[in-house]
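Note sheet for the following structure.
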There are 2 protein chains.
Amino acid sequence: MSIKKQPKYEKIADELRKRILNGGYDVDQAMPDEINLAEEFEVSRMTMKRALEILVLEGIIYRQRGQGTFILPSNFSQGRINVLNKESQGLTKLLGERAVKSEVLQFEVRFPEKEVARHLMIEQTDPVYEIRRVRYVEGEAYVIEHTFMPSSLITGLTTAILDQSIYRYIQEELGYTITSSHKMIRADKPNEWDQKYLGNLETDPVIEVEQVVFLGNGKPFEYSFSRHRYDKFVFTSVHIGR
Amino acid sequence: MSIKKQPKYEKIADELRKRILNGGYDVDQAMPDEINLAEEFEVSRMTMKRALEILVLEGIIYRQRGQGTFILPSNFSQGRINVLNKESQGLTKLLGERAVKSEVLQFEVRFPEKEVARHLMIEQTDPVYEIRRVRYVEGEAYVIEHTFMPSSLITGLTTAILDQSIYRYIQEELGYTITSSHKMIRADKPNEWDQKYLGNLETDPVIEVEQVVFLGNGKPFEYSFSRHRYDKFVFTSVHIGR
DNA sequence: CAGTGGTCTAGACCACGGA
DNA sequence: CCGTGGTCTAGACCACTGC
């Protein structure tokens, strides 16, 4: 449904990813070399390299000079919601079929503290929305979000929107693209809010994600603290190289 | 001191990173465009793109078609040790000047459980080292590591090495290169070991990192669980695009 | 030595944003 | 329209691995 023009290297990466996950290549031996793949997809070698590089960064394959390209057996199992380093979509999209509901605890406009203004790259005289929501997955509380957004940028927010997905509103109604995010992940002891709304015991830790999210025009539009139930989430991350 | 051949795009990225951090470019306006930069560094436009792409992925700059390349004000402050998504070096290197010491709690060779063998991509009949260490930074306990390594791959380990840095041994003595890692980060309640060795209270959470680390030849050599004091670490991660 | 992936080039063409 | 970054090419040359 996405009408977006997708570059060749992305289409190829998608196709190869599908093949690999469906067992289209033998795990025990090298995949076809990049020259053959380039011929098959009728692209230049550089473009094929770029497609393969995506899969390398996703941790799906590894490549070795003089040897070939090999599939990396997928590690790690589940049980918790897996928040990949490569996504910044927000819960609603992350879960797909599972029902996500929100309860709005706070929704107001005010002047930001210095720290908030700094992260949003605005002046302290530019008003921001301050929002607190509890997010429920299939009726169970999973996350408390505490979010700041510049009201001049994200206009027309209503509680009706907050009940659903802010991200969808920003992308579909306001027409912005969301391109990048900077996250800090840490653990913390539960505070009163966590205990009250996440149903946490005094001894249940929370995972807090402090995040700045950017639009395609380079402007930060969200500065938020999300406190997750420790038994429901895990954060994965792949690092390559040097 | 590194005798390694460094590609042009890395050298350029290093130089630009230095300039940006030293205030060499005005934050309020676009950096020189890629054509001019390519001329300055006497490389092709593609190579300059690649250098700039590194900085984009590091979250230092952002680029916009039709607009230019801009510096992204560095967000986030400190107080805890910052474990970047882009590193897999191990504590010793991460800290540099700060004194890191280890206390070896366990060091033996045995046959691995099924899960361990699976993550290390070996048979259950291939023996592994099982190692538990407490890592101290300036005399204070920061992390408990529980590590498995194939003994056929990482040969000649001794307690003397474990007292220092395993990674240094692998790279400098065994001559391997460490290229990538897959991490899962989660929070947990402290167990007996955490409370005993990290000096944690019953209510202090820990951050557990489950990790598989790979050598340049694609072989996993480490499967480990590191439990960090929640008040000493933070994990950062930058996500770009699409 | 042959076969692989890694780097780099010079240039074409496209897409987007602002004047 | 111009100036920016994004995609893609065809090919050269290099570096590493294993035979």
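Just so it is clear: chains get the letters A, B, ... in the order the sequence lines come, proteins before strands, and each one is counted from 1. Just the heavy atoms: all of them, side chains too, but no hydrogens, waters or symmetry mates, feed the values below.
Listed by chain and residue number, Tyr62(A) satisfy the ring pair (Phe, Tyr, Trp, His ring centres under 6.0 Å) test with Phe70(A) (two or more places apart in sequence, or in another chain).
Checking Ser224(B) against Glu222(B) by side-chain atom types alone, a donor-acceptor pair falls below 3.5 Å.
Between Glu115(A) and Arg118(A) there is a salt bridge, with a side-chain nitrogen of the basic residue lying less than 4.0 Å from a carboxylate oxygen of the acidic one. A salt bridge links Arg19(B) to Glu15(B): at least one charged side-chain nitrogen sits closer than 4.0 Å to a carboxylate oxygen. Comment: Asp14(B) engages Arg17(B) in a salt bridge, judged by a side-chain N to carboxylate O separation of less than 4.0 angstrom. Using a 4.0 Å cut-off between a side-chain N of Lys or Arg and a carboxylate O of Asp or Glu, Arg63(A) and Glu34(A) qualify as a salt bridge.
Between the CD atom of Glu39(A) and the P atom of dT9(D) there is a distance of 13 Å, rounded to whole Å. Across the protein-nucleic acid pair, Lys11(B) atom NZ and dT7(C) atom C1' stand 12 Å apart, rounded to whole Å. To the nearest angstrom, C1' of dA10(D) lies 11 Å from CE of Met46(A). Whole-Å rounding puts the Ile61(B) CD1 to dT4(D) P distance at 15 Å. Following rounding to the nearest Å, Arg63(A) (CZ) and dG6(C) (C1') show an atom-to-atom distance of 9 Å. We find that CD1 of Ile12(B) is positioned 13 Å from P of dT7(C), with the value rounded to whole Å. We find that CZ of Arg45(A) is positioned 6 Å from C1' of dG5(C), with the value rounded to whole Å. Counting to the nearest Å, the P atom of dT7(C) and the CD atom of Glu53(B) are 14 Å from each other.
For dG6(C), its base never sits under 3.5 Å from the side chain of Arg50(B) at any donor and acceptor pair.
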Indicate for each nucleotide in nucleotides 14-19 of chain C, in 5' to 3' sequence, whether protein heavy atoms under 4.0 Å reach the base (B), only the sugar-phosphate (S), or nothing (-). -BBSS-

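Phosphate proximity of dT4(C) to Thr69(A): absent, as no side-chain N or O sits under 4.0 Å from OP1 or OP2. Proximity of Tyr9(A) to the phosphate of dT7(D): a side-chain N or O atom is located under 4.0 Å from OP1 or OP2. Contact annotation: Thr47(B) side-chain N/O to dT9(C) OP1/OP2 distance is under 4.0 Å.
Here the side chains of Tyr176(A) and Leu153(A) are in contact, with some heavy-atom distance below 4.5 Å. Val213(B) places a side-chain heavy atom less than 4.5 Å from the side chain of Gln211(B).
Across all strands, Lys49(B) comes closer than 4.0 Å to base atoms (heavy-atom distances).
Annotation: proximity of residues 29-37 of chain A to DNA chain C (heavy atom, distance under 4.0 Å) is found for Asp33(A), Glu34(A), numbered in ascending order.
Between Tyr223(A) and Leu120(A), the shortest heavy-atom distance links the atoms N-CD2, 3.7 Å.
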